[in-house]
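What follows is one structure encoded as structure tokens, with my remarks underneath.
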Amino acid sequence: RKEVAAFVHRKLLFRLRRLALFFVIVTVLLISEISQNYIACILAFAGFFNGFIIGFIVAQRMHTITWDKEALQVVGKMDTIGIIILVIYLLFAITRRWIFSHWLEGHALGAFVLSISCGAIASRLWFIRKKSRGVLKEAGRLHPIKEV
């Protein structure tokens, strides 16, 4: 891990760690909601799955992960379309409680929104990590060939 972290830009590492922390917090909250029977496991799983799909679509276009030849690091950038997708994603994040309040209410609504958030965070975390590792492999930095 340390050898990989040396080739990843600090901002990208910070973004990954922040997403991981949010994922843990939201997962703990979601498990608490499920254990208190505020939401059925199948509904929470459906929300997680839908959130994962939404987060995957957003992450694919929002983050451009590339190799910076000068800094010898993996960097993450956002282009204009990525910023537009981020704004649309944030609008969805703000209004999702209102959107889903047509079908759910009370604790079930809160837990469903948590499950969607958990899925979206998990897919963004997974995609950025996968893309970063792919860039490192292409650059020959992930598993360098050992000379004998």
Side-chain angles (χ1 to χ4, degrees), residues 1-36 38-97 99-100 104 108-148:
R1 290 183 179 205
K2 289 182 182 180
E3 64 272 2
V4 172
F7 296 111
V8 179
H9 193 263
R10 282 183 333 134
K11 286 184 180 180
L12 188 57
L13 275 176
F14 179 74
R15 184 180 300 147
L16 283 168
R17 288 177 181 146
R18 186 182 61 213
L19 279 173
L21 178 65
F22 287 154
F23 176 72
V24 168
I25 291 169
V26 172
T27 302
V28 167
L29 290 172
L30 181 60
I31 290 171
S32 171
E33 297 281 322
I34 292 171
S35 68
Q36 294 176 12
Y38 290 148
I39 188 170
C41 284
I42 191 75
L43 190 57
F45 180 74
F48 181 87
F49 181 75
N50 287 323
F52 194 88
I53 298 298
I54 291 167
F56 185 75
I57 291 168
V58 167
Q60 273 188 328
R61 191 59 197 117
M62 191 167 70
H63 301 290
T64 305
I65 311 293
T66 58
W67 179 255
D68 185 355
K69 291 180 182 179
E70 291 178 13
L72 296 177
Q73 290 186 325
V74 176
V75 295
K77 297 178 182 175
M78 273 198 249
D79 57 1
T80 307
I81 294 174
I83 292 171
I84 291 169
I85 289 174
L86 176 63
V87 169
I88 292 169
Y89 177 70
L90 288 173
L91 287 174
F92 172 74
I94 292 168
T95 61
R96 65 181 162 216
R97 188 173 288 272
I99 293 169
F100 295 115
L104 300 168
L109 175 61
F112 189 72
V113 168
L114 277 176
S115 66
I116 289 175
S117 300
C118 190
I121 293 169
S123 65
R124 287 182 59 205
L125 181 65
W126 176 76
F127 179 80
I128 293 171
R129 186 175 183 275
K130 179 182 174 236
K131 187 71 175 173
S132 298
R133 292 180 70 79
V135 168
L136 283 171
K137 277 185 182 179
E138 287 177 11
R141 302 292 181 172
L142 188 58
H143 298 290
I145 301 170
K146 295 180 182 179
E147 294 183 25
V148 180

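Between the side chain of Ser32 and the backbone N or O of Val28 there is no donor-acceptor pair closer than 3.5 Å.
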Requested in this report: Show your working on side-chain contact (heavy atoms from CB on, under 4.5 Å) between Phe92 and Val58 and close with a plain yes or no.
Outcome: CA-CA 11 Å; Phe92 172 74; Val58 167; over 6 Å; no
**Message:** If you apply the rule side-chain contact (heavy atoms from CB on, under 4.5 Å), what do you find for His9 with Asp68, and how did you get there?
**Reply:** CA-CA 9 Å; His9 193 263; Asp68 185 355; over 6 Å; no
Does Val135 form a side-chain contact (heavy atoms from CB on, under 4.5 Å) with Thr66? I'd like the steps, not just the answer. CA-CA 6 Å; Val135 168; Thr66 58; 5.8 Å; no
Does Leu12 form a side-chain contact (heavy atoms from CB on, under 4.5 Å) with Ile65? I'd like the steps, not just the answer.
CA-CA 9 Å; Leu12 188 57; Ile65 311 293; 4.0 Å; yes
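Summarising the local packing, CZ of Phe22 is surrounded by 12 or fewer heavy atoms from other residues, nucleotides or ligands at distances under 6.0 Å. Residue Arg17 qualifies as open at atom CZ: its count of foreign heavy atoms under 6.0 Å is 12 or below. Enclosure of atom CD1 in Ile99 by more than 12 non-hydrogen atoms of other residues, nucleotides or ligands within 6.0 angstrom is indicated.
For residues 38-47, every residue pair satisfying the side chain to side chain donor-acceptor pair (under 3.5 Å) rule, not counting sequence neighbours, is listed here: Gln36-Tyr38.
Across all their heavy atoms, Leu91 and Thr95 have their closest contact at O-OG1, 2.8 Å. A pairwise comparison of heavy atoms in Ser115 and Ala44 identifies CB-O, 3.3 Å as the closest pair. Here the closest non-hydrogen pair linking Arg129 and Leu16 is N-CD2, 4.1 Å. Annotation for Leu114 and Val26: closest pair O-CG1, 3.4 Å, computed over non-hydrogen atoms.
At least one side-chain heavy atom of Phe14 sits less than 4.5 Å from a side-chain heavy atom of Arg18. By the 4.5 Å heavy-atom criterion applied to side chains, Ile39 and Ile34 are counted as neighbours. With a 4.5 Å cut-off on side-chain heavy atoms, Ile116 and Phe48 do not count as touching. The side-chain heavy atoms of Ile121 and Thr27, taken from C-beta on, include no pair separated by under 4.5 Å.
For the atom pair CD1 (Ile128) and CG (Leu13), the distance works out to 11.0 Å, reported to the nearest 0.5 Å. Within the model, atoms CZ of Arg15 and CZ of Arg124 stand 8.0 Å from one another, a figure rounded to the nearest 0.5 Å. Between atom CZ of residue Phe56 and atom CD1 of residue Ile53 there is a gap of 8.0 Å, rounded to the nearest 0.5 Å. Interatomic distance, CZ of Phe23 versus OG of Ser123, reported as 10.0 Å (0.5 Å rounding).
Ring geometry, Phe100 versus Phe112: the interplanar angle exceeds 60°, so the pair is classed perpendicular (tilted spans 30 to 60°).
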